[in-house]
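Position 1 is the first residue of the sequence, and the numbers go up from there. The figures here come from the full heavy-atom set of this structure, side chains too, leaving out hydrogens, waters and symmetry mates. Bear in mind that the values here come from a model prediction, so they are computed numbers and not experimental data.
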Amino acid sequence: MFCMDSRDPGGDSTSPAENRRASRGWVRRHPVVTGFLVFTAMLVAAVWFANDQAERALERRIAAIRDRGEPVTVQDILYAQPRISDDENMAFQLASAGRASMAVRINEEESKSIPYLGNGRLPPTGERWNDDMLMASDSYLDRADEALGELHKALKLERSYLALNWSTPAINVLIPELSDLRQASKILVLESLIAAQKDQRQRAEQLLLDMTPMTRALDGSSTLIGALVQLATTSLMQDSVERCINQCGLSDASLRKLHIALQESEAYPDMKQAYYGERIIFLDTLQWVRTSGPSAITTLTGSQGSPGPESLWRYIPILPPLDISCGLDQYNLLVSAVGTPNGRTIKAITTLDGAAERLPMYCVMSRIMLPSLSRSIVLWVRTVGSNRALRAAIAAERFRLANDCWPEKLDDLVPKYLDAVPLDPIDGKSIRYAIIPEGMKTWTICDDDKNEDNGGDVRRLESRTGNRTKDRPMDYGWVILNPSLRNRPAPTTTQPATSQPTSRPVQ
């Protein structure tokens, strides 16, 4: 019988043991290549593992935000937006009227005299405007009469929501109405001050009360720039209230209503919501960069010409999730710091400010995306402090109307005119108050690094055109004048106003 030899070269006679010996022989003959392959395999495995852990860590951060009931995506914001028709939406109608008022041109000569809308400089509080300022402002309001009518109609609407055009990437969110709303607030303030200048007290009172809904007109903006415009609008309203009191005086009933409106306005803007929006812009934009082409980096950074190191960001393992996680941690700290406006808020944000520069160098995109935020928080806390100081000043004016003298201290206003003495958000102490030769003043202390009380140096009695030291520390607050100093003509020479506390009775 014919039998095939197991060693026949034509057959597959290599045993597994022989294969193993051959492999070991090859490894011994090529130790460098073998070491390289082993190292590469281990490196790939380590990178994969590290990238997986970084991705999981980022997912946990996002899940934690969602578990707190806070928005995470553009879709979350869009879902939360109320459904208000344009005809019923105060923000939309105010923006439309503000845009229409911009079509009323102010020539170069008028601009020199018109305040707020032009370059006219306001005199000290309680001082009459010169004829040029009054005539130019009056002429503009006459030409803008139709837009003013639309503004007042819009202010009577009950609902308001600034529905922004959110989309991905969120960094391109469109906020077209903000300049129009700022214009609307300026023209309304100008109108109320013109009425006060003409000693039309009832009209000035009504205009001020009509204007108070402006403080909530930007509800839902969910962006920092929207919050800043809202703060500017609130500051304009506060300024107009003090100036109208010092120009023509306001009735007790109107002062009481204004006090309530100012107290309610402290809830606006919602800085937490603003930072929610900023966090979504950060997260959504960088997630978009990860899934888009190289042009996304150019769109984000605005870089032209040869690509920088950030152009490789999306291709480097581990780097994107680590970078986004670092930035997200900073935004979470910012959100947690803006719960209540106070001195601790300013310190916390100041500590976090500049965090982009302190982040690890691998946080390429976070260093680009994280903004400087301390300025906005200081403005927010300062506006709240000014609001509380003005409410205290209004209460003191109501006391004067009833008693023909200023209260000795703010405690005398509780509980008839104040539920409690408002607290200065900078240091948590009571709002400051002093009787001065010109009347009385209330203030919140300076919000610089020292948080010092500068004695109520609020500069409301100084001419905007006079010489003054701009770099000296300044408090923020209001002066309510004695009746004899209200609606006074402009002096021929500017004299520095004294502001030392005194028990002088009302003149």
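Annotation: ring pair (Phe, Tyr, Trp, His ring centres under 6.0 Å) contacts involving residues 248-277, sequence neighbours excluded, are absent. Within the structure, no pair that satisfies the ring pair (Phe, Tyr, Trp, His ring centres under 6.0 Å) test touches residues 108-155, not counting sequence neighbours. Sorted by first then second residue, the side-chain hydrogen bond (donor to acceptor under 3.5 Å, both in side chains) pairs that include residues 410-421, not counting sequence neighbours, are Lys409-Asp412.
The pair Arg279-Asp284 fails the salt-bridge criterion, with no side-chain N (NZ, NE, NH1 or NH2) lying under 4.0 Å from an Asp/Glu carboxylate O. Using a cutoff of 4.0 Å between basic side-chain nitrogens and carboxylate oxygens, Asp138 and Lys198 are scored as salt-bridged. Note on Glu110 versus Arg143: salt bridge recorded, some NZ/NE/NH1/NH2 to OD/OE distance being below 4.0 Å. Using a cut-off of 4.0 Å between Lys/Arg side-chain N and Asp/Glu carboxylate O, Arg216 and Glu264 are scored as not salt-bridged.
Residue Glu397 forms a salt bridge (charged side-chain N to carboxylate O under 4.0 Å, His left out) with just one option from Arg391, Arg486, Lys441, and that option is Arg486.
For Phe282, the ring-ring contact (aromatic ring centres under 6.0 Å, His included) partners are Tyr331, not counting sequence neighbours. Residues meeting the salt bridge (Lys or Arg N to Asp or Glu O under 4.0 Å) test with Asp252, sequence neighbours left out: Arg398. With sequence neighbours excluded, the residues satisfying side-chain contact (heavy atoms from CB on, under 4.5 Å) with Glu127 are Pro123, Pro124, Arg488, Ala490, Pro491.
Between the side chains of Gln93 and Asn89, no donor-acceptor pair is found at a separation under 3.5 Å. Side chains of Thr223 and Glu278: a donor-acceptor N/O pair is absent below 3.5 angstrom, by distance only. Counted by atom type alone, Ser139 and Asp142 present zero donor-acceptor pairs between their side chains at under 3.5 Å.
For the pair Ser185 and Met237, the minimum side-chain heavy-atom distance is 4.5 Å or more. A heavy-atom distance below 4.5 Å is found between the side chains of Leu379 and Arg382. Between Gln230 and Thr215, the closest side-chain pair of non-hydrogen atoms is not below 4.5 Å. Contact check for Ser251 versus Arg201: side-chain heavy atoms found under the 4.5 Å cut-off.
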